[in-house]
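Please read these numbers as outputs of a predicted model, since none were measured by experiment. Ligands are counted one by one from 1 in listed order, and the atoms in each one are counted from 1 as well. Start at 1 with the first residue, then count along the sequence.
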Amino acid sequence: MSTSITLSREDVVRLTERVEGAQKRAVAIPKLTEEYPGMTLADSYAVQNELRQRYLAQGHRLVGWKAGLTSKAKMRQMGVDVPSIGFLTDRMARPENSAITLSDLVHPRVECEVAFVMKADLKGPGCTSADVLAATGYVLPAIEIIDSRFHGFKFDLESVVADNSSSARFVGGGRARYADDLDLRTLGVVLEKNGEIAAMGASAAVLGHPAEAIAMLVNILAELGESLPAGSFVMSGGITEAIPVKAGDHVIARFQELGSVGARFVA
Ligand code: OOG
Ligand code: MG
């Protein structure tokens, strides 16, 4: 982080409780920067870190991490031009094609992403995409269901990072492949909603190569004093813009080489 923590410990706890409450009750709240216009990215990660500790203390299990805002399509859609990271827990995971409840989310959107499952630990700083590929067990296609806890799904980098980069649910599936057997840069994907094409793109949209997003994530983790352990499930970020979903919708992300992963939504 090129910034430092400016919030007091009390303010970090206060903001964490506010975000946790919004996540658990599925209510939208004002952006945190409305009350704390001077808050820095380091402050935001301090809140995210506190949120992670609280969930872990409540028995949630850390299963991995996600990179966010790593494609131009996502940056353009959200008006933010710096990538972020967020943590993933067992409570956010959903099986492929299962009915995903939406009553506990505010205004969900879906994204199609390339996910990595790590076979070796990674530690920054200085992590490169080559380091990531050497530490990757396999890759698989994923759908992320993001849900901003801020009014109108509108935020700035500082607010969204404190809200765990909008993490809500995720689904891994399709066909797992060794990264070495693929050109991870040139994978095409078509995202369909209710049988119609909603978005399409190619994996190079993610920082030129999805492994670059994982390297960036590892380097941010290093700044937070964390590393990426073997066994982690890591999402590299939405390739296309995110698509809103409501009860009754079903989506399927059809990936070249990696098969398809689907999800359906109920109230
Ligand atoms: C922030 C999270 C972005 C991605 O894949 O780009 C993200 C947001 O857009 O709400 O998960
Ligand atoms: Mg995402």
Is there a side-chain hydrogen bond (donor to acceptor under 3.5 Å, both in side chains) between T101 and D104 once you walk through the steps? CA-CA 7 Å; T101 307; D104 49 0; 5.4 Å; no
Taking the six-membered ring of Y138 (Phe, Tyr or Trp), confirm whether the NZ or CZ of R177 is under 6.0 Å from its centre and within 45° of its axis.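 Geometry flag: not set, cation outside 6.0 Å or 45°.
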Apply the test side chain to side chain contact (heavy atoms under 4.5 Å, CB included) to residues L228 and D121: give CA-CA distance (whole Å), side-chain angles for both, the deciding distance (0.1 Å), then the verdict. CA-CA 6 Å; L228 186 65; D121 301 346; over 6 Å; no
Closest approach of any protein heavy atom to [atom], naming residue and atom:
atom: atom 10 (O) of ligand 1; result: S166 OG, 2.6 Å
atom: atom 6 (O) of ligand 1; result: L69 N, 2.7 Å
atom: atom 9 (O) of ligand 1; result: K74 NZ, 2.7 Å

Could you tell me, atom by atom, which parts of ligand 1 come under 4.0 Å of a heavy atom of [X]?
X: M78; answer: 9 (O)
X: G238; answer: 4 (C), 5 (O), 6 (O)
X: S165; answer: 1 (C), 2 (C)
X: E111; answer: 3 (C), 4 (C), 5 (O), 6 (O), 7 (C), 11 (O)
X: G237; answer: 5 (O)

Measure from the side-chain N and O atoms of R149 to the backbone N and O of D147, and report whether any donor-acceptor pair falls under 3.5 Å.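 Yes; judged by distance alone, with no hydrogens or angles, the pair exists.
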Whether Q48 side chain and V161 backbone form a donor-acceptor pair below 3.5 Å: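 Present.
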Quick one: look at [X] and ligand 1, take heavy-atom pairs under 4.0 Å, and tell me if it's side chain, backbone, both or neither.
X: K66; value: side chain
X: E144; value: side chain
X: E113; value: side chain

E144: which N/O/S atom is nearest the Mg ion (ligand 2)?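 Nearest N/O/S atom: OE1.
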If I take the Mg ion (ligand 2) as the centre, what angle separates the OE2 atom of E113 from the OE1 atom of E111? Nearest 10 degrees is fine.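 With the Mg ion (ligand 2) as the vertex, OE2 (E113) and OE1 (E111) sit 90° apart.
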Indicate, with yes or no, if the rings of F233 and F116 have centres closer together than 6.0 Å.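 Not close enough - the centres of the two rings lie 6.0 Å or further apart.
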Would you call the rings of F87 and W65 parallel, tilted or perpendicular if under 30° counts as parallel and over 60° as perpendicular?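 If you compare the ring of F87 with that of W65, the planes turn out perpendicular.
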Find out if a path of hydrophobic residues (ILVMFWY) with successive side-chain heavy-atom gaps under 4.5 Å connects L258 to L191.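 Different hydrophobic clusters.
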Indicate, with yes or no, if V13 and Y45 share a hydrophobic cluster defined by side-chain heavy-atom contacts under 4.5 Å among Ile, Leu, Val, Met, Phe, Trp and Tyr.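 Unlinked, Y45 and V13 end up in two clusters.
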F153 to ligand 1: N or O pair under 3.5 Å?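 N/O-N/O distance under 3.5 Å: no.
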I146 to ligand 1: N or O pair under 3.5 Å?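 I146 vs ligand 1: no N/O contact under 3.5 Å.
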Heavy-atom count around R91 CZ within 6.0 Å, excluding the residue itself: above 12?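 Correct, the count exceeds 12.
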